[in-house]
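Just so we're clear, the structure is a prediction, and the values are computed from it rather than from any experiment. We name chains A, B, ... by the order of the sequence lines, and we start the count at 1 in each one.
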Protein chains: 2
Amino acid sequence: MSIDRDLAGVRRIPEATVVRLPVYQRILAELGRAGVPTVSSELLAGLARVNAAKVRKDLSLLGSFGTRGTGYDTAFLLEQIELALGVDHDWPVVVVGIGNLGRALVNSAGFSSRGFRIAALFDTDPAVVGQQVGPAVVRDMATLADLAAQERAAIGVVATPSAAAQEVTDQLIGIGVRSILNFAPTVLTVPAGVLLRYVDLSIELQVMSFYLTRLPAADPPGVLAPIRSVGLTPPAPGEDAPAGPT
Amino acid sequence: MSIDRDLAGVRRIPEATVVRLPVYQRILAELGRAGVPTVSSELLAGLARVNAAKVRKDLSLLGSFGTRGTGYDTAFLLEQIELALGVDHDWPVVVVGIGNLGRALVNSAGFSSRGFRIAALFDTDPAVVGQQVGPAVVRDMATLADLAAQERAAIGVVATPSAAAQEVTDQLIGIGVRSILNFAPTVLTVPAGVLLRYVDLSIELQVMSFYLTRLPAADPPGVLAPIRSVGLTPPAPGEDAPAGPT
DNA sequence: CGATGTGAAATGCTTCACAGCA
DNA sequence: TGCTGTGAAGCATTTCACATCG
């Protein structure tokens, strides 16, 4: 109750921070490619459109990686963030539902990042099964169990229609998948210990609708965060960006 | 500035609540179709996988729509939520970038909801321009300005590669779009007063990676883990559950 | 009696402000 | 001197607990 540290010397990391880490990661990678050797919290904050104090607090939760008077070593900080995120691990991903969305996901930049490897693609449509999509051939959903014999997938992406989502999820968990990323607009039930996240277009649209009706006067937060951030543009922290991430 | 009420007698609605409203909306619509006349905060909370006190607090921010001892009238509450969300308005949506992702979005359930109407689709690829996608024919991005002459789009969806996202965003804002939903994995800059939200697959994957590395030790081969009382299920913009299907 | 609506407490996150180190 | 790292203040959100009312 009192101690805020886990087994290592690292503090518990708030969800809000975890969501920002990939943003920093991406910016640092870009700065690294641009040959920028060190970054100040101010610069990083400007590029990520957040408060500099927040950047420092976020990073300090991972450890003390900066140099006073100088800033953070770009490459080193990137490394530490990736370490914290665990993207140095191998995370086999299974995608179920190879419609337009599934294809978009498989071909997206998200998967080309280190760590995330397409382990297999599944669908029930005979017209789709057997097709080459991205790096893999689509398999019949009925053969899902066969995958388990080969390897343990870490992440299951559900890109099926809502009606099939729960059943698919159950099957994924059945072969040992410990985390589910759900794109179907429906609430899923998973056993305790299984991670579950949602990405939902219609919620995004409705939230925008809400703020649009209140635009003239509203002043919601202007944070950058995937999925559930909203806001009027932040008070433009300082200046523009040298090399914005592509 | 000081009072916590806006022009009507309704309190300022926290972002966190706004994100949950669409979830309640979906559940209520489903319950309505199933013929359930009234809902208690407890039932609604169960279906939305949140705390009942939170449901009551959320709903009380919109007004006092419940009946003590009974609960909320399903149809009436649904109506009030949709009113608050502003989905009764007409929100013309422009989608730019009609690749797999754009197609998936256009055909998704999100757009069939009331209020969101595809105003136009744009792409630069000559092979795509002219194609019928969903309810509209894809136009050449070069003709974007022509749209402005016809009508003012409210929401711009950016589904292009990262490299084009900022330029596309600028053009959308140029024709009067006041809110941008960005699917490209890049930080965008918009003028103050323009709403901006991000949906980013690679961030989702990295967040999962983070939690996966901290999940209690993996269950040994074969055995179903007895699992601890509360699993880490990081907060997500929840979904609803249709009445009963598996 | 049962379920809402809501002050007040608890928790969590953000921002401030500055000591301290390179 | 410049910039990090961080206690403490300031806000926001969640949860509690119960008066209140149909």
Check: CG of Leu43(A) versus C1' of dG2(D): gap in Å, rounded?
Finding: 15 Å
Give me, pair by pair, the N or O atoms of the protein and of nucleotides 4-6 of chain C that are less than 3.5 Å apart, along with how far apart they are.
unit_1 : atom_1 : unit_2   : atom_2 : d
dT4(C) : OP1    : Ser41(B) : N      : 2.6
dT4(C) : OP2    : Ser41(B) : OG     : 2.7
dT4(C) : O2     : Arg68(B) : NH1    : 2.9
dG5(C) : OP1    : Phe65(B) : N      : 3.2
dG5(C) : OP1    : Gly66(B) : N      : 2.9
dG5(C) : OP2    : Tyr72(B) : OH     : 2.8
dG5(C) : O4'    : Arg68(B) : NH2    : 3.2
dG5(C) : N7     : Arg56(B) : NE     : 3.0
dG5(C) : O6     : Arg56(B) : NE     : 3.3
dG5(C) : O6     : Arg56(B) : NH2    : 3.1

Note to self: Looking only at side-chain N and O atoms, does Glu204(B) offer a donor or acceptor that is under 3.5 Å from a partner on Tyr198(A)?
What the structure shows: no
Check: In whole Å, what is the span from the NZ atom of Lys54(B) to the P atom of dT11(C)?
Finding: 15 Å
Next item on the list: Scan residues 69-83 of chain A for pairs that pass side chain to side chain donor-acceptor pair (under 3.5 Å), counting only residues two or more places apart or in two chains.
Entry: Gln25(A)-Glu82(A), Glu82(A)-Arg114(A)
Next item on the list: Write down the distance between CG (Asn51(B)) and C1' (dT11(C)), rounded to a whole number of angstrom.
Entry: 13 Å
Notebook entry, point to check: Can you check the Gln80(A) CD to dG5(D) P distance for me, whole Å?
Noted result: 12 Å
Check: Would Thr186(B) and Arg26(A) count as having a side-chain donor-acceptor pair, cut-off 3.5 Å?
Finding: no
Note to self: Could you go through Val96(B) and Leu172(B), starting from their C-alpha distance and side-chain angles, then the distance that decides it, and tell me whether this counts as side chain to side chain contact (heavy atoms under 4.5 Å, CB included)?
What the structure shows: CA-CA 9 Å; Val96(B) 181; Leu172(B) 286 170; 4.0 Å; yes
Notebook entry, point to check: Are Arg197(A) and Glu15(A) close enough for a salt bridge, meaning some N to O gap below 4.0 Å?
Noted result: yes
Next item on the list: State whether the side chain of Trp91(B) and the backbone N or O of Gly86(B) hold a donor-acceptor pair below 3.5 Å, judged by distance alone.
Entry: yes
Note to self: Tell me the interatomic distance from Asp73(B), atom CG, to dA3(C), atom P, rounded to whole angstroms.
What the structure shows: 16 Å
